[in-house]
Visitor: 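Pasting in a structure now, in structure tokens, and then I'll have a few things to ask.
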Amino acid sequence: MASHSPRRQELLAGLDLEFEVKVLPDIPEDYPTDIPTDKIAEFIAVEKAEPYLPLLQADELVITADTVVIVDGIVLGKPTDETDAKRMLQLISGRTHQVVTGVCLTTKDRQRHFSVLTDVTFKQLSPEEIDYYVQTYRPFDKAGAYGIQEWIGYVGVSSIRGSYFNVMGLPVQRIWNELQTFCCKN
């Protein structure tokens with residue numbers, strides 16, 4: 001797995017698969033401005049896989065992933081600071097947004113990529129709730145400035161349609177299914 005994310009590592013470990021974490025430094029997460037918002041995470045996941053290709057052995061597979069939050073066509077990645085995190089939480093407060101995780105499975109000679117979308121609805125968050133969460137949990141490494149598995153998810157999420165694990169950053173059920181097909185093809 002090519003991710004420093006402890007959440008992604010924990011989720012992948014939940015599939016009882018043996019894996020190593022190998023992360024190359026300075027892989028860009030840029031994307032063209034003309035692609036549909038729901039394809040951005042998948043595009044980035046594919047781009048993240050490219051630097052690993054020359055390093056892969058014949059029997060190795062690398063999993064790369066990226067997650068974005070989309071509200072009213074606005075893409076929210078990771079916040080840059082406390083003010084940005086609060087802005088993002090205010091944007092999703094009292095509304096439904098989409099969490100899209102793009103995943104890329106890459107071997108020396110094949111690649112499979114896909115996206116999973118989950119709708120998440122937040123109650124109207126008070127300024128005090130937003131301040132408390134940002135100052136206590138420091139969600140600067142999370143798309144949309146929140147972790148559903150943290151306090152804000154407990155008190156703020158009023159409904160979810162789709163994969164909970166996708167919102168955490170890795171759609172493990174879909175990955176399991178894709179690996180069954182991908183790894184068993186001749």
Visitor: Taking side chain to side chain donor-acceptor pair (under 3.5 Å) as the cut-off, I'd like each qualifying pair that reaches into residues 167-176, sequence neighbours left out, listed once.
Guide: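 Only R174-E178 qualify under side chain to side chain donor-acceptor pair (under 3.5 Å).
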Visitor: Listed by chain and number, what are the side chain to side chain donor-acceptor pair (under 3.5 Å) partners of S3, not counting sequence neighbours?
Guide: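 For S3 there are no side chain to side chain donor-acceptor pair (under 3.5 Å) partners, ignoring immediate neighbours.
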Visitor: Are L55 and V46 connected in a single hydrophobic cluster, I mean Ile/Leu/Val/Met/Phe/Trp/Tyr linked by side-chain heavy atoms less than 4.5 Å apart?
Guide: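 The answer is no; the residues belong to distinct hydrophobic clusters.
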Visitor: Can you sort out the partners of K39 under side chain to side chain donor-acceptor pair (under 3.5 Å), two or more places apart, ordered by chain and number?
Guide: none
Visitor: Could you list the residues that satisfy salt bridge (charged side-chain N to carboxylate O under 4.0 Å, His left out) with K86, not counting sequence neighbours?
Guide: E82, D131
Visitor: Are any side-chain N or O atoms of T64 and backbone N or O atoms of A45, one a donor and one an acceptor, separated by less than 3.5 Å?
Guide: yes
Visitor: Ignoring hydrogens, what is the shortest heavy-atom contact between P51 and P54? Give both atom names and the distance.
Guide: O-CD, 3.5 Å
Visitor: In Å and rounded to the nearest 0.5 Å, what is the CG to CD distance from D119 to Q98?
Guide: 4.5 Å
Visitor: With side chains defined as the heavy atoms from C-beta onward, is the minimum distance between M168 and I148 less than 4.5 Å?
Guide: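 Contact flag for M168/I148 side chains = yes.
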Visitor: Could you tell me which residues satisfy salt bridge (charged side-chain N to carboxylate O under 4.0 Å, His left out) with E20, sequence neighbours excluded, listed by chain and number?
Guide: K22
Visitor: Is the shortest heavy-atom distance from the side chain of R8 to the side chain of V172 under 4.5 Å?
Guide: no
Visitor: Quick one: CE on M88 to CD1 on I74, what's the gap to the nearest 0.5 Å?
Guide: 10.5 Å
Visitor: Just so I know, are the side chains of R161 and T118 near enough to count as touching, which here means a heavy-atom distance under 4.5 Å?
Guide: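 No; the side chains remain at least 4.5 Å from each other.
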Visitor: Using the test salt bridge (charged side-chain N to carboxylate O under 4.0 Å, His left out), find all partners of D141 that sit at least two apart in sequence or belong to another chain.
Guide: R7
Visitor: What's the verdict on salt bridge (Lys or Arg N to Asp or Glu O under 4.0 Å) for R138 and E150, showing C-alpha distance, side-chain angles and the deciding distance?
Guide: CA-CA 11 Å; R138 317 289 296 161; E150 295 175 338; over 6 Å; no
Visitor: Do F165 and L170 have side chains that approach each other closer than 4.5 Å (heavy atoms only, starting at C-beta)?
Guide: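 SC-SC contact between F165 and L170 ruled out.
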Visitor: Taking T67 for its side chain and A143 for its backbone only, find out whether a donor-acceptor pair lies under 3.5 Å.
Guide: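 Pair absent, no side-chain N/O of T67 close to backbone of A143.
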Visitor: Which residues pass the ring pair (Phe, Tyr, Trp, His ring centres under 6.0 Å) test with Y137, not counting sequence neighbours?
Guide: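 With neighbours one apart ignored, the set is Y133.
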Visitor: How many angstroms lie between OG in S115 and CG in D38, if you round to the nearest 0.5 Å?
Guide: 7.0 Å
Visitor: Who are the side chain to side chain contact (heavy atoms under 4.5 Å, CB included) partners of Q57, not counting sequence neighbours?
Guide: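 For Q57 the side chain to side chain contact (heavy atoms under 4.5 Å, CB included) partners, ignoring immediate neighbours, are D59, E60.
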Visitor: I'd like to know whether E129 forms a side chain to side chain contact (heavy atoms under 4.5 Å, CB included) with Q124, so could you lay out the CA-CA distance, the side-chain angles of the two residues, the decisive distance to 0.1 Å, and finally the verdict.
Guide: CA-CA 10 Å; E129 289 169 326; Q124 189 68 44; over 6 Å; no
Visitor: Please name all residues satisfying salt bridge (charged side-chain N to carboxylate O under 4.0 Å, His left out) with K48, sequence neighbours left out, ordered by chain then number.
Guide: E29, D66
Visitor: Is any side-chain heavy atom of Y164 less than 4.5 Å from a side-chain heavy atom of V120?
Guide: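 SC-SC contact between Y164 and V120 ruled out.
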Visitor: To the nearest 0.5 Å, how far apart are CZ in R112 and CZ in F182?
Guide: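 Nearest 0.5 Å value for the CZ-CZ distance: 9.0 Å.
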Visitor: Y132: which residues meet the ring pair (Phe, Tyr, Trp, His ring centres under 6.0 Å) condition with it, sequence neighbours left out?
Guide: W151
Visitor: Do the side chains of V71 and L76 get nearer than 4.5 Å, heavy atoms only?
Guide: yes
Visitor: Show me the pairs that pass ring pair (Phe, Tyr, Trp, His ring centres under 6.0 Å) and involve residues 54-103, at least two apart or across chains.
Guide: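 Matches after skipping sequence neighbours: H97-F122, H97-Y146.
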Visitor: Hydrophobic side-chain clustering at under 4.5 Å (ILVMFWY, transitive links): who's grouped with I70? Put none if nobody.
Guide: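 Under the 4.5 Å side-chain rule, I70 groups with Y31, I35, I40, F43, I44, V68, V75, V100, L117.
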Visitor: Find the distance between CZ (R87) and CG (D81) and round it off to the nearest 0.5 Å.
Guide: 9.5 Å
Visitor: State which residue, out of T101, V103, L17, fulfils the side chain to side chain contact (heavy atoms under 4.5 Å, CB included) condition with I175.
Guide: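 Exactly one pass, corresponding to V103.
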Visitor: Could you check whether any side-chain heavy atom of T107 comes within less than 4.5 Å of a side-chain heavy atom of V62, counting everything from C-beta outward?
Guide: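 No, too far: nothing below the 4.5 Å cut-off.
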Visitor: Looking only at heavy atoms, which two atoms of P79 and K142 are closest? And how far apart?
Guide: CD-O, 3.3 Å
Visitor: Would you say the side chain of L61 lies within less than 4.5 Å of the side chain of K108, judging by non-hydrogen atoms?
Guide: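 K108 vs L61: side chains apart.
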Visitor: Give, for atom CD1 of I130 and atom CG of L125, the distance between the pair rounded to the nearest 0.5 Å.
Guide: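 Rounded to the nearest 0.5 Å, the CD1-CG separation comes to 5.0 Å.
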